[in-house]
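Below you'll find the structure I mean.
Start at 1 with the first residue, then count along the sequence. Below, each value reflects all heavy atoms present in this structure, side chains not excepted, and no hydrogens, waters or symmetry copies.
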Amino acid sequence: MFLLFSSPGVPAAAGAVTRPDAMSASTNPATSASRGMIRLWALSALALAVVLAVPFLLVDVPPVLDYPNHLARLFVLAHPDDPVLSQMYAPNWRILPNLGMDVIGVALLRFTDVHVGGRLLLALSLFAPLAGVVAYHRAAFGRVSLWPLAAGIIGYNGAFLLGFMNFQLSLGFALGGAAGWVTLRRQDGWLLSIGWGALAAAVCFLCHIFGLVFFAILVGASEADRLWRLRRSPRLARELAIVACALGITLSPAMLLYGLCPLGDGGLQLGAWVGPHKPWRIMTPFLTTSANLTVVTAIAVVSLLVLVRRQFVVAPGIPLALAVLFVAFVAAPWKALGGTFIDMRLAAMGGLLLFAGLQPVMSDRTAVLAGIFLAALMLVRVADIASAWIDHRSDLAELRAAIAHVQPGARVIAARGGESPASSRRGRTLPGFRDVDSHLAALLVLERRAFWPLMFAHPSQQPVVVRPAFLGLAAGSWAEPAAWRWLQPDTPPADALLFARYLANWQLNFDAVLLIDPPATEQPVAGLTPLYLGSYVQLFGIGQGGGGRTAEQEPAPAPKAADARVAAQ
């Protein structure tokens, strides 16, 4: 990716193509330049796709927070007749605003290896917003440009690394749907626009409710811009009524779906406002597992935008859309409508609009320099992700060695020590938020057919339910591992039981405890028998032969890296 900007003297928003009356297409300089740009764009897009795809080839379970949990659910849905898992979980298909990846994933995992299909789905969640940026930019400015490809620099962002797969997919559909609306409205076709918009709104809703919000903001801002241009026209009142009616009809199918889904039963369910954390959360589009790289990327992109602020062509409605997103970001609580990190999601939307709705215009030399700098920064970001994912392979190997001692049908608690030194946590933590390996225990479901209480199986959010025999052992809406200290006393603290109800009588109800990231000074827990002791993962049986261990089996040896620590214990 070399050139990212338009050259001066070429109107970035020009959608019309000059007809060559005096020249043939083969000799028309404008046509030749257009073909050259298309070829350059295609090569740049291909190079971008290859670079962004490299990390997916390095590890079979990428360290993306919610991803293993989502994959476990998709595997259960794709194999409803599994003789072991079908006793624990059952499909519960209904109207929900989280079905996009589930529908695609179930179809894909029925004929692919679970980890191959899973990575394809995760890659889809990364590329969908970028494809939406390209589509919206093309519709808004009427021609191809290399600037939207620069969005690849924020491909690996906070929302992606937290594993918000349905949300990411919905952003792509929202931008694509808004692109279709803009194109059809330019042709003054209300009927086609409303039909397309109604379909797009429904699809966005079924992927994620905040995808619908994004689509509504984009379409509403575009129409508001049209009305503003007519503010002195005598037709303003009539156009305002038409637009209001059209938007109401467009969004009505999605609103009907919302009324039919269980998400609408619980109200807004607002969480706390986290004002002091907003300055960091607005960095979500640039967020990666390196705090320094996050800051450098944000400064680089924002500085470039400031430097060329007088040379930007802005798509209609984008200033209003960005203003709405910013105000909503500042005011948003951390939780609403059953979803979390609401302000982060809004920040992610705003970051995409910087590439979808803007077109910088500058000299060729400046464009080349800026393009090379941004491309180099993107390569550094992808290389950092790739390095962390390569390191993650050793964690996976240790985890798999541990859970090899878990028998199908076993019931396993996932616990976490969470006291490793910061130097050993490279690539495992999203700065300012949480560890990205907290849901790795989902491999118990995928690879050992064991019951794990933290499966995403909330009736109002996912199309899968826990069977009655295991429902009392499920965590409900809480999906974080139990703290190791909660297992220390005979009775878990009352505040722990609020989040992890399954810990009541856990010694009687479960077969094993899988401890990830054990504390440096680990206190033994009565009634636990070590089955595997590693530096990153440990497995303990509960009672006699927990986790499938027979009386003849000895605890598994730890990896060499942990030999000294095990000897000390």
Side-chain angles (χ1 to χ4, degrees), residues 1-7 10-18 30-49 52 124 126-155 168-189 192-193 196-197 199-200 203-204 211 214-215 217-219 221-223 225-226 305 308 311-322 349-362 367 371 374:
M1 181 169 52
F2 300 104
L3 297 175
L4 299 176
F5 311 98
S6 300
S7 298
V10 180
V17 177
T18 303
T31 302
S32 299
S34 177
R35 289 176 178 174
M37 171 57 74
I38 291 174
R39 284 194 295 268
L40 178 59
W41 185 93
L43 290 174
S44 299
L46 178 61
L48 174 65
L52 293 179
L124 174 61
L126 183 140
F127 284 105
L130 304 183
V133 166
V134 171
Y136 189 87
H137 190 279
R138 175 66 177 84
F141 294 99
R143 65 184 182 87
V144 298
S145 169
L146 293 175
W147 172 248
L149 297 183
I153 202 170
I154 61 170
Q168 288 275 108
L169 181 64
S170 74
L171 295 185
F173 279 119
L175 286 163
W181 176 277
V182 168
T183 300
L184 292 171
R185 284 291 290 121
R186 187 180 292 131
Q187 300 169 3
D188 295 325
L192 289 177
S193 298
W196 168 265
L199 176 62
V203 170
C204 288
F214 194 29
F215 173 77
I217 290 174
L218 290 173
V219 171
S222 175
E223 292 304 318
D225 183 85
R226 290 176 185 272
L305 296 177
V308 299
Q311 299 169 293
F312 266 123
V313 179
V314 183
I318 291 301
L320 177 59
L322 286 170
M349 298 176 192
L352 293 174
L353 289 188
L354 297 179
F355 300 92
L358 304 179
Q359 177 62 59
V361 181
M362 59 179 64
L374 290 179

Pairwise distance CG(L126) to CG(L169) - rounded to 0.5 angstrom: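 Reported to 0.5 Å precision, the distance equals 12.0 Å.
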Rounded distance (nearest 0.5 Å) linking atom CD1 of I217 with atom CE of M349: 6.5 Å
Heavy-atom closest contact (A315 atom, A140 atom, distance): CB-CB, 3.6 Å
Set of residues satisfying side chain to side chain donor-acceptor pair (under 3.5 Å) with respect to R185, sequence neighbours excluded: E223
I318 side, atom CD1; H137 side, atom NE2 - distance, nearest 0.5 Å: 10.0 Å
Contacts of A45 that satisfy side chain to side chain contact (heavy atoms under 4.5 Å, CB included) - sequence neighbours left out: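 For A45 the side chain to side chain contact (heavy atoms under 4.5 Å, CB included) partners, ignoring immediate neighbours, are W41, L149.
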R39 CZ to S44 OG distance, which is reported to the nearest 0.5 Å: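 Separation between the atoms: 12.5 Å.
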Approximate separation, where rounding is to 0.5 Å, of I153 CD1 and L52 CG: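 It comes to 10.5 Å.
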Minimum-distance pair of heavy atoms, taken over all atoms of A200 and G177: CB-CA, 3.8 Å
Heavy-atom closest contact (C204 atom, F215 atom, distance):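 What the structure gives for the nearest pair is SG-CB, 4.1 Å.
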Member of L353, L130, V134 meeting the side chain to side chain contact (heavy atoms under 4.5 Å, CB included) criterion with L175: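 The passing option is L353.
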Over all atoms of both residues, closest heavy-atom pair of V182 and R226: O-NH2, 4.3 Å
Minimum heavy-atom distance between A128 and Q168, given as atom pair plus value: CB-O, 4.2 Å
Contact check, side chains of W147 and L374, non-hydrogen atoms, under 4.5 Å: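 A side-chain contact under 4.5 Å exists here.
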Nearest heavy-atom neighbours spanning P129 and L352: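 Result for this residue pair: CB-CD1, 3.9 Å.
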Side chain to side chain contact (heavy atoms under 4.5 Å, CB included) assessment of T183 paired with W196: CA-CA 11 Å; T183 300; W196 168 265; over 6 Å; no
Crowding at CZ, F173 (>12 non-hydrogen neighbours, <6.0 Å): no
Interatomic spacing from CH2 in W181 to CG in L218 - rounded to 0.5 Å: 12.0 Å
Verdict with reasoning, L358 to F141, per side chain to side chain contact (heavy atoms under 4.5 Å, CB included): CA-CA 9 Å; L358 304 179; F141 294 99; 5.6 Å; no
